[in-house]
There are 2 protein chains.
Amino acid sequence: MKLSTAEENYLKAIFKISEKAKKSASTNAIAKHLSTSAASVTDMLKRLAEKELINYEKYKGVTLKTEGIKQATQLIRKHRLWEVFLVKKLRFSWDQVHEIAEQLEHIESKELIMRLDAFLDYPKFDPHGDPIPNADGKFTIRSQTPLSDMHKGQEGKLVGVKDHQTEFLKYLNSLNVKLGTIITVIDSVPYDGSMNVILDGKNEIMITAAVAQNLLIRKG
Amino acid sequence: MKLSTAEENYLKAIFKISEKAKKSASTNAIAKHLSTSAASVTDMLKRLAEKELINYEKYKGVTLKTEGIKQATQLIRKHRLWEVFLVKKLRFSWDQVHEIAEQLEHIESKELIMRLDAFLDYPKFDPHGDPIPNADGKFTIRSQTPLSDMHKGQEGKLVGVKDHQTEFLKYLNSLNVKLGTIITVIDSVPYDGSMNVILDGKNEIMITAAVAQNLLIRKG
DNA sequence: ATATATTTTTAGGGTTATCTAAATATTAAT
DNA sequence: ATTAATATTTAGATAACCCTAAAAATATAT
């Protein structure tokens with residue numbers, strides 16, 4: 001089924017919201033996610049339900065039907081593959097790629113994505129450490145812990161970030177924190193949750209709780 | 001100024017039509033080029049005129065204003081750069097790239113195009129031999145002659161094709177005729193304009209006038 | 001359990017980009 | 001120079017997305 005950019009964006013929003021909340025997506029949540037009005041969301045939900053892409057009952061929130069999940073997953077696949085392309089091949093920095101990938105993900109061509117995937121050597125994770133679903137929609141699972149949950153003496157590699165905002169990523173750049181950085185917890189302050197950590201066994205820096213919650217670590 | 005995909009397609013159509021015809025584009029010509037109705041064209045022309053992108057007087061045809069030319073040229077630049085990417089990096093064949101590039105050309109990011117251009121090593125021509133305008137909109141000019149205008153004994157390199165249709169390009173594939181092929185005219189038949197030519201000094205083949213008119217040769 | 005607050009839907013509009021059919025202007029032909 | 005043919009524009013609709021304001025449904029708080 002061929003969808004419009006708007007329809008695709010709604011499916012992706014519903015997917016992300018219900019994934020995070022582990023329940024159906026509310027009209028308001030979708031409206032906020034897409035920076036639009038609740039009335040516009042209701043409007044679109046009716047059309048998506050008509051096309052059998054979502055389960056929608058008035059006032060009850062929405063979930064994706066099988067075809068909706070498939071479409072949303074493929075969009076995420078395309079978005080993340082393009083992000084890898086932008087960073088690995090065009091040398092963009094990880095804080096510059098979201099908006100462009102947001103456009104590129106709507107390009108329609110199965111062949112293009114197959115070839116792009118091969119060209120990039122079948123990456124499993126994007127530049128923010130998010131898993132790239134394969135052509136069948138399967139995500140690679142990886143054990144990871146927010147830095148904020150780690151204890152004094154523990155060590156691990158930074159494998160992902162939760163917050164993708166430019167502001168946050170630029171701040172990490174300024175701290176010289178990037179995917180692959182080895183982080184060792186020196187101590188954590190119970191009072192405010194801030195932590196002192198060592199990066200790659202070299203520089204010691206202080207990280208606030210807000211930041212630590214958004215850094216995903218593979219322990220060991 | 002930010003334009004819609006539809007507006008961009010109209011500007012590109014007007015550019016191509018008036019370039020080929022060397023005069024203003026008619027409503028019907030635009031309608032045919034975009035496979036739409038004349039009424040829709042009139043409608044859009046009013047809006048483009050309102051935005052100062054074209055010169056439009058009822059019943060008189062249209063020409064592009066400076067800003068319209070600039071936008072059309074940048075679209076052509078983007079389209080052709082993406083085609084180079086698809087063929088050179090993703091190994092698509094020259095007959096498969098038009099539709100995909102047609103979508104990619106609407107992606108909006110100056111930075112993306114700058115980096116793509118660098119990544120591709122600043123190509124001057126696309127996979128069909130069409131010149132790629134530079135960031136300032138300047139096209140590289142190259143002397144070229146349709147094969148149909150060449151005479152017995154003359155030789156040259158295939159540098160471009162006029163017809164971009166999949167059918168035509170696939171036919172050339174089957175003849176093993178590609179950009180860079182050296183073509184030597186053995187003789188031409190005045191009766192129907194067909195020609196016997198040698199490819200790369202090896203195989204002799206016969207080419208009809210219809211095909212010869214669409215092959216662009218750099219003599220010598 | 002009832003009042004209040006919040007969420008969601010409906011009603012009524014607006015814009016963009018299409019369409020077909022009808023009217024009008026231009027061009028070509030005799 | 002009329003008439004016929006062709007090209008173009010106008011008129012009137014439709015569909016997709018979006019909006020604000022008002023109404024209705026649901027959730028919450030005392």
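Just so we're clear, the structure is a prediction, and the values are computed from it rather than from any experiment. Every chain is numbered from 1 and lettered A, B, ... according to where its sequence line falls, protein lines coming before strand lines. Values reported hereafter were calculated over all heavy atoms of this structure, with side chains retained and with hydrogens, waters and symmetry mates removed.
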Does a sphere of radius 6.0 Å around NZ in B:K65 hold more than 12 heavy atoms from other residues, nucleotides or ligands, not counting ones at 6.0 Å or beyond? yes

Notebook entry, point to check: Where do A:E7 and A:K51 land on the salt bridge (charged side-chain N to carboxylate O under 4.0 Å, His left out) test, with the steps shown first?
Noted result: CA-CA 10 Å; A:E7 288 170 328; A:K51 294 189 176 186; 2.7 Å; yes

Atom CD of A:E57 and atom C1' of C:dT9 are separated, to the nearest Å, by 15 Å

For residues 31-80 of chain B, the ring-ring contact (aromatic ring centres under 6.0 Å, His included) pairs (sequence neighbours left out) are B:H79-B:H98

Protein N or O to nucleotides 13-16 of chain D N or O, pairs below 3.5 Å:
none

Can you pull every protein N or O that's under 3.5 Å from an N or O on nucleotides 2-6 of chain D?
none

Between B:W82 and A:W82, how do the two ring planes meet: parallel, tilted or perpendicular, split at 30° and 60°? perpendicular

Nucleotide by nucleotide, nucleotides 20-25 of chain C touches protein heavy atoms under 4.0 Å in the pattern (B base, S sugar-phosphate only, - none) BB--BS

In whole angstroms, the gap separating C1' of D:dA27 from NZ of A:K58 amounts to 19 Å

Within 45° of the six-membered ring axis of A:F119 and under 6.0 Å from that ring's centre, is NZ or CZ of A:K89 located there? yes

Rounded to whole Å, the CG-C1' distance (B:L45 to D:dT8) equals 10 Å

Show the atom names and distances, to 0.1 Å, of all donor-acceptor pairs under 3.5 Å that link a side chain in residues 13-26 of chain B to residues at least two apart or in another chain.
unit_1 : atom_1 : unit_2 : atom_2 : d
B:S18  : OG     : B:I14  : O      : 2.5
B:S26  : OG     : B:A29  : N      : 3.1

Nearest heavy-atom approach of A:A72 to A:L11 is CB-O, 3.9 Å

From CD of B:E50 across to C1' of C:dT16 the rounded distance in Å is 14 Å

- Query: Are A:F85 and B:F85 close enough that their ring centers fall under 6.0 Å?
  - Reply: yes

Rounded to whole Å, the CG-C1' distance (B:N9 to C:dT16) equals 14 Å

Notebook entry, point to check: Looking for any heavy atom pair under 4.0 Å, which part of the strands does A:T42 touch: base, sugar-phosphate only, or nothing?
Noted result: base

Here the distance between atom P of D:dG12 and atom CG of B:D43, to the nearest Å, is 14 Å

For B:E102 and B:H106, the nearest pair of non-hydrogen atoms, with its separation, is O-CD2, 3.1 Å

B:Y10 atom OH is separated from C:dA17 atom P, nearest whole Å, by 9 Å

Here the side-chain hydrogen bond (donor to acceptor under 3.5 Å, both in side chains) pairs for residues 111-123 of chain B, sequence neighbours left out, are B:R77-B:D117, B:E111-B:R115

Review point. Think B:K46 has a side-chain N or O under 4.0 angstrom from the OP1 or OP2 of D:dT10?
Key: yes

Cation-pi between A:R142 and A:F125: NZ/CZ under 6.0 Å from ring centre and within 45° of the ring axis? yes

| query | Reckon A:K60 touches a base, only the sugar-phosphate, or nothing at all at heavy-atom distances under 4.0 Å? | reply | nothing

Taken to the nearest whole Å, CD/A:E8 to P/D:dC17 is 11 Å

**Request:** Inspect the surroundings of CD in A:Q165 and state if more than 12 heavy atoms from other residues, nucleotides or ligands are less than 6.0 Å away.
**Result:** no

Describe the nucleic acid contact of B:K32 in one word from base, sugar-phosphate, nothing, applying a heavy-atom distance below 4.0 Å. nothing

